[in-house]
Amino acid sequence: MATDTEGAPPKAPGLTRGTMKAIVRYRYGSPDVLELGDIEKPEVADEEVVVRVHAAGVDRGVWHIMTGLAYPIRLAGFGLRAPKNPVIGMDLAVVVEAVGKDVSRFRPGDEVFGIGKGSYAEYAPALEAKLAPKPSNLTFEQAAVLAISGSTALQAVRDHGKVRQGQKVLIIGSSGGVGTYAVQIAKAFGAHVTGVCSTKKVEMVRSIGADRVIDYKREDFAQGEDRYDVILDTGGNSSLARLRRALTSKGTLVIVGGEGGGKWLGGIDRQLRATMLSPFVGQKLGTFINKENYEYMLVLKDLTESGKVTPVIDRTYPLAKVPEAIRYMERGHTQGKVVITI
């Protein structure tokens with residue numbers, strides 16, 4: 001990565017226009033609306049870079065953008081009746097191809113990871129502010145699944161859970177994309193971590209550092225005697241009453257995302273109830289909206305290069321198999337992350 005512009009090669013004004021392979025869709029819907037096609041390569045804007053994509057990640061956010069559900073996501077700039085950008089995908093690990101005139105931190109040839117605008121393609125545009133140098137010890141496949149889930153976990157554990165040395169932390173959904181990072185980050189902060197997951201995922205969660213793992217098919221975390229200083233719920237199904245029962249009297253609950261709840265609320269009703277209840281009880285109950293910037297990614301870079309955090313990859317699919325990859329994620333069987341190679 002360039003630290004200054006002295007001696008740097010001239011900035012490319014943009015890619016030579018041509019076509020590229022990409023997964024596209026022109027209406028909202030299931031994975032059936034996705035197809036592999038040829039579209040124009042992106043042009044580089046002033047504050048952006050255009051990158052050659054080596055690998056991209058699959059997460060629930062991709063599903064929401066693909067389906068246009070819940071409806072508020074369409075109001076967030078993705079298109080009301082039809083998608084504005086035909087290419088989906090956000091997480092990526094790439095080599096910089098061209099840089100805009102206002103870009104100062106990167107030059108062509110840099111290996112970076114972060115968040116782009118349509119990563120299921122051979123080339124993608126990305127804001128400079130949402131990219132960071134690729135961790136030196138990670139492959140492109142590993143780095144491609146770090147930015148979104150990793151930064152979400154970091155914000156949940158550090159900024160909102162305020163996890164400290166010696167605290168007891170419960171992570172519901174510990175085998176998922178955000179959950180696997182949350183387990184490792186909480187351990188890096190010195191917490192005693194209990195994960196909650198299904199039977200077949202217990203050993204994986206234990207292998208990434210959880211001190212204890214609860215198989216929810218055999219044990220109810222809310223019915224035991226243990227009380228936790230912090231609960232991170234990435235599972236989205238437990239009622240507030242059950243979650244509060246497992247918290248200490250001054251404990252903190254952080255709800256990370258949420259599914260269900262219909263086409264309008266999309267699961268956020270539980271977060272809203274928690275936020276409204278919090279001022280009236282001793283426990284701190286809440287949620288947050290993930291911030292996407294390179295400062296969080298630099299922390300993740302340090303955590304991965306120090307060996308404290310390692311991305312967990314379940315399966316890898318080629319670009320043409322993106323619909324199959326999303327269907328696999330939809331079924332809820334993933335252990336960690338799903339990767340697209342390009």
(Q) For the residue pair K134 and F113, would you count it as a cation-pi contact if the rule is NZ or CZ under 6.0 angstrom from the ring centre and within 45 degrees of the ring axis? (A) no
Q) Is a side-chain donor or acceptor of S174 paired with a backbone partner of V196 at a separation under 3.5 angstrom? A) yes
Q.
If I compare all heavy atoms of T67 with all of G29, which pair ends up nearest, and what's the gap?
A. CG2-O, 3.3 Å
Q: Considering non-hydrogen atoms only, spot the tightest contact between Y216 and S198 and give its length.
A: CE2-N, 3.4 Å
Q: Using atom types as modelled and distance alone, determine if a side-chain donor or acceptor of Q184 lies under 3.5 Å from a backbone N or O of T180.
A: yes
Q) Which atom names give the shortest non-hydrogen contact between E203 and R206, and what distance separates them? A) OE2-NH1, 2.6 Å
Q: Would you kindly say whether E305 and S136 are connected by a side-chain donor-acceptor distance under 3.5 Å?
A: yes
**Q.** Non-hydrogen atoms of V53 and S119 that approach each other most closely
**A.** CG1-O, 3.6 Å
Q) Does the pair R244 and L277 meet the rule for a side chain to side chain contact (heavy atoms under 4.5 Å, CB included), with working shown? A) CA-CA 11 Å; R244 291 187 60 209; L277 179 62; 3.9 Å; yes
(Q) With rounding to the nearest 0.5 angstrom, report the CE to CG distance, M297 to L154. (A) 11.0 Å
Q | salt_bridge(D302, K308) N-O dist < 4.0 Å | A | no
Q) Quick one: do D46 and K101 make a salt bridge, cutoff under 4.0 Å? A) yes
Q | Donor-acceptor under 3.5 Å (D110 side chain, V96 main chain) | A | no
(Q) Would you compute the distance between atom NZ of K130 and atom NZ of K117 and round it to the nearest 0.5 angstrom? (A) 8.0 Å
(Q) Could you measure the distance from the CZ atom of R105 to the CG atom of L131? Nearest 0.5 Å is fine. (A) 7.5 Å
Q) Looking only at heavy atoms, what is the nearest atom pair of R25 and N85, with distance? A) NH1-O, 2.5 Å
Q | Full working for side chain to side chain contact (heavy atoms under 4.5 Å, CB included) between K41 and V50 | A | CA-CA 9 Å; K41 293 178 181 178; V50 169; over 6 Å; no
Q | Test item: K201 side-chain N/O and T334 main-chain N/O as donor-acceptor pair under 3.5 Å | A | yes
Q. Roughly how far apart are Y181 OH and T304 OG1, rounded to 0.5 Å?
A. 9.0 Å
Q | SB check D32 R27 (cutoff 4.0 Å) | A | no
Q | side chain to side chain contact (heavy atoms under 4.5 Å, CB included) evaluation trace for Q283 with L253 | A | CA-CA 8 Å; Q283 298 159 327; L253 166 66; over 6 Å; no
(Q) If you compare all heavy atoms of M90 against all heavy atoms of G61, which two are closest, and at what distance to 0.1 Å? (A) CE-C, 3.9 Å
Q. Will you find, in the side chains of N290 and T152, an N or O donor that is under 3.5 Å from an N or O acceptor?
A. yes
Q. Are any side-chain N or O atoms of T234 and backbone N or O atoms of I172, one a donor and one an acceptor, separated by less than 3.5 Å?
A. yes
Q) If only atom types and distance count, is the side chain of E47 paired as donor or acceptor with the main-chain N or O of G100 below 3.5 Å? A) no
Q.
For a quick check under 3.5 Å, do S149 and K337 share a side-chain donor-acceptor pair by atom type?
A. yes
**Q.** Main-chain N/O of A274 paired to S278 side chain as donor or acceptor, under 3.5 Å
**A.** no
Q) Is there a donor-acceptor pair closer than 3.5 Å between any side-chain N or O of D59 and the backbone N or O of V62? A) yes
(Q) Could you check whether R242 pairs with D220 (Lys NZ or Arg NE/NH1/NH2 to Asp/Glu carboxylate O, under 4.0 Å)? (A) yes
(Q) Has D233 got a side-chain atom pairing as donor or acceptor with I255's backbone, closer than 3.5 angstrom? (A) no
Q | Side-chain ion pair, K291 and D159, N-O less than 4.0 Å | A | no
Q.
Looking at R245, is its backbone amide N or carbonyl O close enough to the side chain of R227 to form a donor-acceptor pair, meaning the two atoms are under 3.5 Å apart?
A. yes
(Q) Using 30° and 60° as the class boundaries, would you call the ring planes of F140 and H54 parallel, tilted or perpendicular? (A) parallel
Q. If you round to the nearest 0.5 Å, how far is CD of E122 from NZ of K21?
A. 7.5 Å
Q: To the nearest 0.5 Å, tell me how far Q167 CD sits from H192 NE2.
A: 13.0 Å
